[in-house]
Amino acid sequence: MSDTIFGKIAAGEVAADIVYEDDDLVAFRDLHPQAPTHILVIPRKPIPTLNAVQPEDAELIGKLFLAAAKIAEQEGIANSGYRTLINCNAAAGQTVYHLHLHILGGRPMQWPPG
Ligand code: DGP
């Protein structure tokens, strides 16, 4: 399914700097990084927003977070610390309507976020 730019990346139709992939997920570096390490983890399944996640996606969402922790380890930010986040809809700043988990690290993070 290639309805969004991330669908096209998952399908191999658009290039990305892929750091991890398996049957269910693809992870690649963000084009406009907001931290020294900024990676997006997406399910291959084109779920548009967190609001659209269904009970049958529970295992997939678990895999998304397990992959994020593995990638953080791989990127050398697991111990120093990193942030994972999902923007849902316009007020949160979601711009690509294919569910994606941001992994940000390599610098101190502010809280609360702006
Ligand atoms: P969000 O605002 O949560 O929807 O984040 C979308 C992110 O996707 C944003 O940080 C920029 C990134 N992005 C948008 N288009 C592309 C692309 O074509 N390739 C890559 N690697 N990242 C993209």
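Residue indices begin at 1 and follow the sequence shown. When a ligand or atom number is given, it counts from 1 through the structure's own listing order. Computed from heavy atoms alone, side chains included, the values below leave out hydrogens, waters and symmetry copies.
Residue contacts with ligand 1 for Gln34 are absent, since no atom lies close enough (heavy atoms, distance under 4.0 Å). When non-hydrogen atoms are compared, ligand 1 lies under 4.0 Å from neither the backbone nor the side chain of Val14.
Within a 6.0 Å sphere centred on CD of Glu56, heavy atoms belonging to other residues, nucleotides or ligands number more than 12.
There is no path of hydrophobic side-chain contacts, each under 4.5 Å, that joins Ile5 to Tyr97.
On a distance-only criterion, Ala16 and ligand 1 share no N/O pair closer than 3.5 Å.
Two residues are said to be in side-chain contact when any heavy atoms from C-beta on lie closer than 4.5 Å; Leu60 and Val53 fail this criterion. Side-chain contact check for Lys8 versus His98: every heavy-atom pair is 4.5 Å or farther apart. No side-chain heavy atom of Phe6 sits less than 4.5 Å from a side-chain heavy atom of Val14. For the pair Tyr82/Thr37, no side-chain contact is recorded, criterion being any heavy-atom separation below 4.5 Å from C-beta on.
Checked against His38 for a side-chain hydrogen bond (donor to acceptor under 3.5 Å, both in side chains), the options Arg83, Arg29, His102 give a single hit: His102.
Near His102, meaning under 4.0 Å from one of its heavy atoms, ligand 1 places the atoms 1 (P), 3 (O), 5 (O), 10 (O).
Within the model, atoms CD1 of Ile77 and CD1 of Ile71 stand 9.5 Å from one another, a figure rounded to the nearest 0.5 Å.
In terms of protein heavy atoms, atom 9 (C) of ligand 1 is closest to Asp30 OD2, 3.3 Å. For atom 18 (O) of ligand 1, the nearest protein heavy atom (residue, atom name, distance) is Ile5 CG1, 3.3 Å. Of the protein's heavy atoms, His100 NE2, 3.1 Å lies nearest to atom 1 (P) of ligand 1. Closest to atom 21 (N) of ligand 1, if we only count protein heavy atoms, is Arg29 O, 2.9 Å.
Assignment of Gly93 to the shell around ligand 1 is supported, since a heavy atom sits closer than 4.0 Å. Using a non-hydrogen distance threshold of 4.0 Å, Phe6 registers as a contact of ligand 1.
Heavy-atom proximity to atom 20 (C) of ligand 1, evaluated over Ile39, Ile18, Leu31, Thr95, is greatest for Leu31. Among Val96, Leu99, Leu101, Leu104, the residue whose heavy atom sits closest to atom 14 (C) of ligand 1 is Val96.
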